[in-house]
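Source: prediction; values computed, not measured.
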Amino acid sequence: MGPCRNKLLTRLFTACLVGAATLPAFAGKTLDTIKSRNQLVVGVSTGVPGLSAPDSQGRWSGLDVDIGRAVAAAILGDGEKTKWVPLTVQQRFTAIQSGEVDLLSRGTTFTLTRDASLGLHQTAIVLYDGQGFMVPAKSKVTSAKQLKGATVCLQGSNTTEKNLADFSRAHKLNLKPVVFDKLDAVTVAYFGGRCDAYTSDASALAAVRSREAKDPKDHVILPDLISKEPLGPMVRRGDDEFFAIVKWVVYGLIEAEEHGITQANVDQLKAESTDPAVQRLLGKSEDTGKLLGLDRDWLARAIKTVGNYGEIFERNLGEKTPVGLPRGLNKPWNQGGLMYAPPIR
């Protein structure tokens with residue numbers, strides 16, 4: 001084969017690669033189903049303030065709920081085209097595996113076992129959390145290592161129980177777990193004085209304290225975190241197109257905060273900004289939506305519906321809410337946190 005023919009084949013091969021990289025995505029079966037029913041079905045908790053909980057009128061709110069609304073807005077053009085399915089810890093994986101829900105957005109920790117053996121995909125982290133302990137302020141306990149021999153209330157059948165056992169064994173604390181299936185039963189037992197401490201993710205403890213305690217000041221969340229709990233939505237394996245949509249909606253909300261795009265200014269920036277990154281994110285200069293099987297305004301709609309990641313956090317979990325969590329590790333990467341999105345380009 002002559003050198004000229006070699007060069008021609010190389011150019012043709014390169015052109016094919018470039019063309020393939022910019023082809024519109026094929027619509028996956030989950031996306032087709034969502035569009036056909038004109039509704040996104042989302043599995044949420046049975047009620048954790050700040051993450052997913054209904055109010056007295058039955059309207060759901062929380063960080064996990066806003067993620068669901070953002071995905072619905074990106075796909076269907078309307079964040080209200082959602083159905084919320086409350087799921088217990090025991091029900092959550094079966095519900096997503098069986099197709100009862102399209103998306104599991106329910107404060108679920110990413111682990112190797114869950115990613116590799118449940119037929120599910122972990123998408124993107126929406127909250128860096130950690131398992132902690134809450135105790136009555138009158139106990140004068142200031143560290144989890146002072147809980148030797150204590151009874152500890154918790155919700156079972158998840159990573160919480162194993163983390164507690166590992167922590168107790170490592171520090172020779174002989175902690176005595178009191179395990180319940182439902183969150184309400186755990187809170188009733190703890191606030192009723194059946195247990196010396198309550199263990200769960202720190203975000204969940206803060207939510208429970210804000211909702212259930214007669215006076216939140218009577219209960220202290222100890223500074224010790226005994227685990228890493230990266231939380232995020234999960235989807236079924238076998239549909240890479242929908243997996244990509246959920247993942248990039250989350251990344252888009254994170255990147256929007258980095259570039260100063262908010263719920264209030266998204267329309268103005270779309271019309272007036274000359275920043276190439278902003279123009280690209282909002283679909284003005286490039287159509288990234290076609291790569292996901294969506295239209296070019298997918299991310300602008302998601303931001304307009306729920307705001308950027310920082311707005312979502314502060315509205316649902318931040319220090320000015322009853323939950324009262326500091327941003328901490330959930331700050332953007334350029335402000336000392338871990339929130340970092342791959343570039344949308």
Side-chain angles (χ1 to χ4, degrees), residues 44-45 48-53 61-68 70-71 89 92 103-115 120-134 144 154-155 158-160 162-164 166-167 198-210 221-235 243 246-258 306-344:
V44 291
S45 76
V48 178
L51 294 179
S52 52
S61 64
L63 183 146
D64 289 336
V65 170
D66 279 345
I67 297 301
V71 173
V89 168
R92 57 183 168 171
L103 175 67
L104 182 65
S105 188
R106 192 206 172 282
T108 301
T109 302
F110 288 180
T111 69
L112 183 151
T113 300
R114 290 173 178 177
D115 192 46
L120 304 176
H121 266 313
Q122 298 165 170
T123 57
I125 296 168
V126 299
L127 189 68
Y128 289 95
D129 209 345
Q131 185 174 330
F133 295 86
M134 180 163 62
L154 65 122
Q155 189 175 16
N158 57 18
T159 55
T160 307
K162 185 176 186 301
N163 291 338
L164 181 68
D166 289 347
F167 178 72
Y198 183 162
T199 188
S200 185
D201 293 347
S203 61
L205 292 176
V208 166
R209 180 175 63 176
S210 72
I221 298 173
L222 300 177
D224 317 69
L225 293 180
I226 66 171
S227 69
K228 294 183 293 184
E229 305 295 332
L231 310 180
M234 301 185 78
V235 298
F243 169 58
V246 175
K247 179 173 60 175
W248 285 101
V249 167
V250 174
Y251 287 153
L253 299 175
I254 294 170
E255 186 135 332
E257 180 179 14
E258 183 176 339
V306 297
N308 64 42
Y309 176 81
E311 291 178 285
I312 294 169
F313 184 98
E314 296 298 346
R315 179 170 60 246
N316 294 298
L317 296 168
E319 293 181 292
K320 294 181 180 178
T321 71
V323 178
L325 281 184
R327 284 288 295 268
L329 295 178
N330 297 291
K331 290 180 180 178
W333 65 277
N334 54 3
Q335 296 178 26
L338 296 179
M339 279 298 164
Y340 183 107
I344 295 179

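- Atoms CG and OG, from L63 and S203 in turn, are 9.0 Å apart once rounded to the nearest 0.5 Å.
- Interatomic distance, I226 CD1 to F167 CZ, rounded to the nearest 0.5 Å: 6.0 Å.
- Between the side chain of N316 and the backbone N or O of G62, at least one donor-acceptor pair lies under 3.5 Å.
- No side-chain donor-acceptor contact under 3.5 Å links S210 to the backbone of V208.
- With hydrogens and angles ignored, the 3.5 Å screen pairs a side-chain donor or acceptor of T321 with a backbone N or O of V323.
- In the model, N163 has a side-chain atom that pairs as donor or acceptor with a side-chain atom of Q131 under 3.5 Å.
- The closest donor-acceptor contact from the side chain of R114 to the backbone of T111 lies at 3.5 Å or more, if one exists at all.
- The residues D129 and K228 are annotated as not salt-bridged, no charged nitrogen and carboxylate oxygen being separated by less than 4.0 angstrom.
- Taking the charged nitrogens against the carboxylate oxygens, E257 and R327 do have a contact shorter than 4.0 Å, which makes a salt bridge.
- S52 places no side-chain N or O within donor-acceptor distance of the main-chain N or O of V44, the cut-off being under 3.5 Å.
- Between the side chain of T199 and the backbone N or O of G132, at least one donor-acceptor pair lies under 3.5 Å.
- When atom types are taken as modelled, the side chain of N308 and the backbone of L253 share no donor-acceptor pair closer than 3.5 angstrom.
- Between the CD atom in E314 and the CG atom in L325 there is a gap of 10.0 Å [rounded to 0.5 Å].
- The backbone N or O of G130 sits nowhere less than 3.5 Å from a side-chain atom of S227 that would complete a donor-acceptor pair.
- For Y251 and Y309, the ring centers sit 6.0 Å or farther from each other.
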